[in-house]
Novice: 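Below you'll find the structure I mean.
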Amino acid sequence: MAALPLATAEVCDANSHMITSGELRALQPIFRTYGGRRLFAGPVVTVKVFEDNVLVRALLEEKGEGRVLVVDGGGSLRRALLGGNIAMLAQNNGWAGIVINGCVRDVDEINGCDVGVRALGSHPMKSDKKGAGEKHVPVTIAGARICDGEWLYADADGILVSGTELSVWSMNE
């Protein structure tokens, strides 16, 4: 895992060749910032669901080991896929962050957790509980394709995804 998240703007400036090749991708700036951790980075775990958070919870019940859960919620703005209880679960299990192409709820509780969260917005309605969806599949959100095992970097400037872990040294190559 990266010791400290890299500044996304600096990474973009130093790695234009990776951007051109598609090895480094910037997500479109559509996400709002939640959670107590404003900067986060880690290897990606993906899940694809629609208005149902059973698989989201199941993944966040696992040991996070500094990973980032990327949730393709289909961009739904009708139900929340993450609430305060699940955010606390993510914090307690060592997840670095969660990026949701969908909504959250219990914003004050999420903001009290030491986990980074990016989502499209907040909505008070809870999700369905049917268990529908797919884990560990490629997802496309905010204009970028994201796969399990890639690396995600998030800070105040935006979100980057790389096929490999980035370091200060790779920025100078």
Side-chain angles (χ1 to χ4, degrees), residues 1-6 8 27 30-142 144-156 158-162 165:
M1 289 182 297
L4 293 172
L6 303 171
T8 58
L27 275 61
I30 61 173
F31 298 101
R32 294 183 182 179
T33 301
Y34 302 97
R37 193 179 293 188
R38 300 299 187 204
L39 311 172
F40 60 92
V44 169
V45 175
T46 61
V47 63
K48 187 172 188 171
V49 297
F50 188 75
E51 297 182 359
D52 186 321
N53 74 349
V54 170
L55 294 180
V56 173
R57 182 183 189 98
L59 285 165
L60 293 173
E61 286 175 342
E62 298 175 8
K63 291 295 178 196
E65 299 171 333
R67 295 178 294 170
V68 176
L69 182 62
V70 175
V71 181
D72 180 359
S76 174
L77 301 176
R78 300 185 313 182
R79 294 179 181 267
L81 294 174
L82 179 78
N85 291 338
I86 299 176
M88 181 62 74
L89 187 66
Q91 170 193 288
N92 292 344
N93 286 331
W95 289 83
I98 306 161
V99 176
I100 303 174
N101 186 30
C103 290
V104 298
R105 71 184 207 158
D106 306 325
V107 169
D108 291 337
E109 291 176 39
I110 292 171
N111 287 342
C113 292
D114 183 24
V115 64
V117 177
R118 300 292 191 273
L120 299 179
S122 60
H123 196 290
M125 189 174 286
K126 69 181 180 179
S127 74
D128 287 332
K129 309 287 187 218
K130 297 176 184 172
E134 300 174 272
K135 298 187 285 187
H136 310 294
V137 295
V139 297
T140 300
I141 63 171
R145 186 172 193 264
I146 305 170
C147 298
D148 250 37
E150 292 189 303
W151 281 76
L152 186 140
Y153 301 86
D155 66 11
I159 302 171
L160 297 176
V161 175
S162 172
E165 181 180 6

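Computed from heavy atoms alone, side chains included, the values below leave out hydrogens, waters and symmetry copies. Along the sequence shown, residues are numbered consecutively beginning with 1.
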Novice: Is the shortest heavy-atom distance from the side chain of Y153 to the side chain of I159 under 4.5 Å?
Specialist: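 No; the side chains remain at least 4.5 Å from each other.
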
Novice: Mind checking what makes side chain to side chain donor-acceptor pair (under 3.5 Å) contact with D52, not counting sequence neighbours?
Specialist: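 Once residues adjacent in sequence are excluded, D52 has no partner under the side chain to side chain donor-acceptor pair (under 3.5 Å) criterion.
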
Novice: Any chance you could lay out the side-chain contact (heavy atoms from CB on, under 4.5 Å) test for V161 and W151, step after step, and finish with the verdict?
Specialist: CA-CA 6 Å; V161 175; W151 281 76; over 6 Å; no

Novice: Is there a donor-acceptor pair under 3.5 Å between the side chain of R37 and the backbone N or O of G116?
Specialist: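 A pair under 3.5 Å: no.
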
Novice: For residues E150 and R145, report the shortest heavy-atom separation together with the two atoms involved.
Specialist: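 Result for this residue pair: OE1-O, 3.9 Å.
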
Novice: Please table the atom pairs, donor to acceptor, closer than 3.5 Å between any side-chain atom in residues 81-97 and protein atoms at least two apart or in another chain.
Specialist:
unit_1 : atom_1 : unit_2 : atom_2 : d
Q91    : OE1    : D114   : N      : 2.6
N92    : ND2    : M88    : O      : 3.4
N93    : ND2    : L60    : O      : 2.9
N93    : ND2    : E61    : O      : 3.3
N93    : ND2    : L89    : O      : 3.4
W95    : NE1    : E62    : O      : 3.1

Novice: Holding to side chain to side chain contact (heavy atoms under 4.5 Å, CB included), I want the full list of residues that pass it with D155, two or more places apart in sequence or in another chain.
Specialist: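 With neighbours one apart ignored, the set is A7, T8, L39, D157.
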
Novice: For residues 68-76, run the donor-acceptor check on the side chains, cut-off 3.5 Å, and write out each pair with its distance to 0.1 Å, sequence neighbours left out.
Specialist:
unit_1 : atom_1 : unit_2 : atom_2 : d
D72    : OD1    : G74    : N      : 2.9
D72    : OD1    : N101   : ND2    : 3.3
S76    : OG     : E51    : OE2    : 2.7
S76    : OG     : R78    : N      : 3.2

Novice: S122: which residues meet the side chain to side chain donor-acceptor pair (under 3.5 Å) condition with it, sequence neighbours left out?
Specialist: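 With neighbours one apart ignored, the set is empty.
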
Novice: Can you name the closest pair of heavy atoms from A119 and G102 and give their distance?
Specialist: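 Heavy atoms only, the tightest pair is CB-O, 3.5 Å.
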
Novice: Restricting to non-hydrogen atoms, name the atom on A142 and the atom on I30 that form the minimum distance, rounded to 0.1 Å.
Specialist: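 Minimum heavy-atom contact is CB-CD1, 3.8 Å.
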
Novice: What pair of heavy atoms forms the shortest contact from T33 to R38, and how long is it?
Specialist: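 Closest approach of T33 to R38, heavy atoms only: CG2-NH1, 3.2 Å.
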
Novice: Heavy atoms only: give me the nearest H123-A80 pair and the separation to one decimal.
Specialist: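 The answer is O-CB, 3.5 Å.
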
Novice: Within the 4.5 Å heavy-atom criterion, are I141 and V99 side-chain neighbours or not?
Specialist: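 Yes, their side chains come closer than 4.5 Å.
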
Novice: Write out all pairs satisfying salt bridge (Lys or Arg N to Asp or Glu O under 4.0 Å) with one or both partners inside residues 122-142, taking only residues at least two apart or from two chains.
Specialist: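 Every salt bridge (Lys or Arg N to Asp or Glu O under 4.0 Å) pair that includes a residue of residues 122-142, provided the two are not neighbours, is R79-D128.
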
Novice: Verify side-chain contact (heavy atoms from CB on, under 4.5 Å) between V49 and V56, making sure each step is shown before the conclusion.
Specialist: CA-CA 8 Å; V49 297; V56 173; 4.3 Å; yes

Novice: Any donor and acceptor pair, going by atom type alone, linking the side chain of R67 with main-chain N or O of G64 inside 3.5 Å?
Specialist: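 The answer is yes, because a donor-acceptor pair under 3.5 Å joins these two groups.
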
Novice: Going by the side-chain contact (heavy atoms from CB on, under 4.5 Å) test, name the single residue among I100, I110, V115, D106 that passes it with Y34.
Specialist: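 Single pass found, and it is I110.
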
